[in-house]
Amino acid sequence: MAPVTDEQVEAVRALVAAIPSGRVVTYGDIAAAAGLSSARTVGWIMRTDSADLPWYRVIAASGRPAPHLAARQLELLRTEGVLAVDGRVPLRVYRHRLEI
């Protein structure tokens with residue numbers, strides 16, 4: 001992975017902070033909006049610098065949460081009215097379109 005700049009980290013953080021309650025975005029959505037080449041870069045940033053953000057509103061393009069976070073992530077989303085079906089968030093219903 002190419003080195004991540006402070007500006008890229010801040011762009012990702014700002015985008016995640018702006019996701020409204022009751023909505024989700026994908027890692028790829030954030031990558032595109034932040035001008036990053038890979039959703040994996042967003043995942044790395046989220047893993048290292050998102051404790052103070054609504055991290056649970058960022059989900060894989062499949063609509064499935066990360067296996068090690070699934071129970072916690074789906075519970076936090078449920079408290080905001082985002083209901084999963086068979087462990088998957090229906091993106092057609094809950095996906096937020098980021099302003100690019």
I would like to know whether Ile30 and Ile45 meet side chain to side chain contact (heavy atoms under 4.5 Å, CB included); could you show each step before the answer? CA-CA 11 Å; Ile30 292 178; Ile45 292 169; over 6 Å; no

Start with the C-alpha gap between Val12 and Asp49, add the side-chain angles, then the distance that decides, and say whether side chain to side chain contact (heavy atoms under 4.5 Å, CB included) holds. CA-CA 10 Å; Val12 168; Asp49 192 14; over 6 Å; no

Are Gln8 and Leu36 close enough, and set up right, to give a side chain to side chain contact (heavy atoms under 4.5 Å, CB included), and what steps lead you there? CA-CA 8 Å; Gln8 290 169 324; Leu36 300 172; 3.3 Å; yes

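Looking at Tyr94, its side chain does come within 3.5 Å of a backbone N or O of Leu83 through a donor-acceptor pair. Without hydrogens or angle criteria, Gln73 side chain to Ile59 main chain gives no donor-acceptor distance under 3.5 Å. A donor-acceptor contact shorter than 3.5 Å links the side chain of Arg88 to the backbone of Ser62.
By the salt bridge (Lys or Arg N to Asp or Glu O under 4.0 Å) test, Arg72 pairs with no residue at all, sequence neighbours left out. Glu80 meets the side chain to side chain contact (heavy atoms under 4.5 Å, CB included) test with Ser21, Tyr56, Arg57; sequence neighbours excluded.
Taking both residues in full, the closest heavy atoms of Leu15 and Ala33 are given as CD1-CB, 3.7 Å, listed atom of the first, atom of the second, then distance. Looking at every heavy atom in both residues, Ala31 comes nearest to Ser38 through CB-O, 3.7 Å. Of all non-hydrogen atoms in Pro90 and Ala84, the two that sit nearest each other are CD-CA, 4.4 Å. Across all non-hydrogen atoms, the minimal contact from Ser50 to Trp55 is OG-CB, 3.8 Å. Minimum interatomic distance between Leu53 and Ala17 (heavy atoms only, all atoms of both residues): CD2-CB, 3.9 Å. Residues Ala60 and Thr26 come closest through the heavy atom pair O-CG2, 4.1 Å.
Annotation for Asp86: atom CG does not count as buried by contact number, only 12 or fewer foreign heavy atoms lying within 6.0 Å.
The shortest side-chain heavy-atom distance between Glu7 and Glu10 does not fall under the 4.5 Å cut-off. Between Val24 and Val58 there is no side-chain heavy-atom pair separated by less than 4.5 Å.
Ionic pairing of Asp29 and Arg97 is not present here: no N-O contact between side-chain nitrogen and carboxylate oxygen is shorter than 4.0 angstrom.
Separation of atoms OH (Tyr27) and CE (Met46) is listed at 5.5 Å; rounding is to 0.5 Å.
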